[in-house]
Amino acid sequence: MNKFLIVIGGPTASGKTGVGIALAEKYGTEIISADSRQIYKETTIGTAVPSASELKKVRHHFIQTHSLKDYYNASRYETDVLEKLNILFQQYDIVFMVGGSGLYISAVCSGIDDLPVIDQTLRAKLTEKFREYGIEGIKAQLKLVDPDSYDKIDLNNHFRILKALEVSIQTGRPYSSFLTYQTRKRDFGIIRLALDMNRTELYNRINQRVDLMIGAGLVDEVKSLEKYRDKNALKSVGYREIFSYLDNRVSLDEAIDLIKRNTRKYARKQLTWFRKDNLYPWFQPDETDRMVTYIDAQMK
RNA sequence: GGUGCCAUAGCUCAGUUGGUAGAGCACAGGACUGAAAAUCCUGGUGUCGCUGGUUCAAUUCCAGCUGGCACCA
């Protein structure tokens, strides 16, 4: 194997962007962003996309390439990235993938089973049923259409139940029958590493970054997106809290504190994701020399 | 200066008719194959202000002290 995808993961605000650019410059290659929110065109400030000067240093892919008006998910990301890698590997032996969206990274590295595209009106109907009858109502229906999923799925989690229901109902086949859990073989090597730092420092960086976002005009950005507020892309940290402020549900200061708090929670959740996967060795963001040593050793 | 009230987890507070205490948030850990910055689960981290007294036993009752708040001077 002579082609390598080098994955740089880690929590938000841990310095992935800077490290990715430094390493991509060193190896003379390009970066695939693995960020489920920076992929959207319409959002900039709240998603902390790399700056124009950063983007000029190294070519990035999947940054602000899709509209939040269009439905997107991890499976489409897998397909799109593999296609892009095919092209990039004609020119480069090494390509970097940098980002904090664990499921998206996993879809590219290990694959994700194929599922039919779901009719959005069916999803809306099932969501309505959940609102009306609560979790018990959709649980009962799942038990009928897909008992295997009923036994396996976290039955407190309505998203999981709704997913299984919509697939089962639309196809007439149980959701569980689509899942093989087989790791897909890739024709390139994968080298993973993750960034972390002292927790207090990480939280300070998060707090500072939120203040910078507010200073950069996050409130105006959110205001301008009012008409899309029901889209998935805007159910993100930073957007939902500002909408709540614009609705007069909280003060601006409260909204800012909430964004900081929810970003901290998000960072912890990301750490959990990368930790469970023992394939990620951990690095401080300033240890680029050690990362290079590790990458070179892995490629041999 | 006097009187009254308050002092319990990082914060806001509840509670124990005397048997060393529990909620929310914060914080920490985890799950997660198509909404994933989503969604869901788990965990109480404590010199109950200090010093004495009463009691088999005090965070709880009593006294004093310290700090805070309110009112009266």
Side-chain angles (χ1 to χ4, degrees), chain A residues 9-14 16 33-40 43 45-49 68 70-80 99-120 122-124 126-127 130 135 138-139 149 152-167 170-171 175-184 199-200 202-203 206-207 209-210 213 218 228 230-243 254 257-277:
Chain A
T12 189
S14 62
K16 294 187 297 295
S33 164
D35 190 301
S36 68
R37 303 294 143 143
Q38 292 180 1
I39 204 168
Y40 295 113
T43 51
I45 298 171
T47 53
V49 294
L68 55 73
D70 301 322
Y71 178 72
Y72 199 73
N73 62 39
S75 181
R76 291 186 187 182
Y77 180 76
E78 175 193 10
T79 308
D80 292 347
S101 298
L103 183 64
Y104 280 35
I105 292 172
S106 155
V108 170
C109 295
S110 313
I112 190 165
D113 286 316
D114 292 317
L115 289 179
V117 176
I118 299 300
D119 175 15
Q120 290 299 299
L122 174 61
R123 166 170 290 188
L126 288 168
T127 304
F130 169 63
I135 196 99
I138 56 174
K139 260 164 77 173
S149 288
K152 211 184 305 179
I153 283 179
D154 173 5
L155 295 174
N156 290 311
N157 192 332
H158 65 277
F159 272 28
R160 297 274 146 69
I161 298 175
L162 289 173
K163 180 80 234 162
L165 273 181
E166 59 191 33
V167 172
Q170 177 165 312
T171 63
Y175 168 71
S176 50
S177 71
F178 288 91
L179 304 179
T180 69
Y181 294 101
Q182 302 230 315
T183 301
R184 289 182 179 164
R199 194 61 64 91
T200 310
L202 182 67
Y203 285 179
I206 286 171
N207 294 342
R209 196 168 73 173
V210 172
M213 285 177 180
L218 180 61
Y228 304 122
D230 60 317
K231 298 292 180 190
N232 293 332
L234 296 182
K235 291 178 181 166
S236 319
V237 176
Y239 293 88
R240 42 169 50 181
E241 296 86 351
I242 297 296
F243 276 128
E254 285 168 332
D257 282 347
L258 278 171
I259 295 174
K260 290 175 180 173
R261 192 186 87 196
N262 289 332
T263 306
R264 292 197 294 268
K265 284 185 179 177
Y266 170 50
R268 269 182 255 143
K269 199 182 74 171
Q270 288 174 301
L271 284 165
T272 300
W273 185 284
F274 291 111
R275 263 194 303 246
K276 81 162 173 180
D277 198 337

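Just so it is clear: chains get the letters A, B, ... in the order the sequence lines come, proteins before strands, and each one is counted from 1.
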- [ ] For RNA chain B, find the residues of residues 107-114 of chain A with a heavy-atom distance under 4.0 Å and give them by number; none if there aren't any.
- [x] A:Ile112, A:Asp113, A:Asp114

TODO: Pick base, sugar-phosphate or nothing for A:Lys276, based on heavy-atom distances below 4.0 Å to the nucleic acid.
DONE: base

- [ ] Mind calculating the distance between CZ (A:Arg160) and C1' (B:A35) to the nearest angstrom?
- [x] 10 Å

Task: Qualifying residues under side-chain contact (heavy atoms from CB on, under 4.5 Å), relative to A:Arg275, sequence neighbours excluded - done: A:Arg199, A:Leu271, A:Thr272, A:Trp282

Task: Residue mapping more 5' on RNA chain B - nearest nucleotide basis, A:Ala48 or A:Asn156 - done: A:Ala48

Task: Gap in Å between the two P atoms, one belonging to B:C48 and one to B:C61, rounded - done: 15 Å

TODO: Scan A:Tyr104 against the nucleic acid and name what it touches under 4.0 Å (heavy atoms): base, sugar-phosphate only, or nothing.
DONE: sugar-phosphate

- [ ] Could I get the full list of ring-ring contact (aromatic ring centres under 6.0 Å, His included) partners for A:Tyr175, not counting sequence neighbours?
- [x] none

Open item on the list: According to ring-ring contact (aromatic ring centres under 6.0 Å, His included), who are the partners of A:Phe243, at least two apart in sequence or on a separate chain?
Closed with: none

- [ ] For A:Glu166, check side chain to side chain donor-acceptor pair (under 3.5 Å) against everything at least two apart and list the hits.
- [x] A:Arg123, A:Lys163

Task: Under the side-chain contact (heavy atoms from CB on, under 4.5 Å) test, residues paired with A:Lys265 that sit two or more places apart - done: A:Arg261, A:Asn262, A:Arg268

Task: Distance-only donor-acceptor test, A:Arg199 side-chain atoms vs B:A28 base atoms, 3.5 Å - done: no

- [ ] Using salt bridge (Lys or Arg N to Asp or Glu O under 4.0 Å) as the criterion, list what pairs up with A:Asp114, not counting sequence neighbours.
- [x] A:Arg184

Open item on the list: At 4.0 Å (heavy atoms only), tell me whether A:Tyr77 reaches a base, stays on the sugar-phosphate, or touches nothing.
Closed with: nothing

TODO: Determine the Euclidean distance between corresponding C1' atoms of B:A57 and B:C25; express it in Å to zero decimal places.
DONE: 35 Å

TODO: For A:Thr183 and for A:Thr272, find the nucleotide of RNA chain B with the closest heavy atom, then tell me which residue's nucleotide is more 5'.
DONE: A:Thr272

TODO: Please work out if A:Arg264 contacts a base, only the sugar-phosphate, or nothing of the nucleic acid, heavy-atom cut-off 4.0 Å.
DONE: sugar-phosphate

Open item on the list: For Watson-Crick and G-U wobble pairs within 3.5 Å on both distances, what is RNA chain B written in dot-bracket notation, | included for inter-strand pairing?
Closed with: (((((((..((((.....[..))))((((((.......))))).)...(((((..]....)))))))))))).

Task: Syn-anti status, with the boundary at 90° from 0, for the nucleotide B:G34 - done: syn

Open item on the list: Both conditions, 6.0 Å and 45 degrees, for the charged tip of A:Lys269 above the ring of A:Trp273: are they met here?
Closed with: no

Open item on the list: According to side chain to side chain donor-acceptor pair (under 3.5 Å), who are the partners of A:Glu254, at least two apart in sequence or on a separate chain?
Closed with: A:Ser251

Task: Whole angstrom value for the distance that separates C1' of B:A35 from CG of A:Asn157 - done: 11 Å

- [ ] Determine the contact category for A:Lys269: base if any of its heavy atoms lies under 4.0 Å from a base atom, sugar-phosphate if only primed atoms, P, OP1 or OP2 are that close, otherwise nothing.
- [x] base

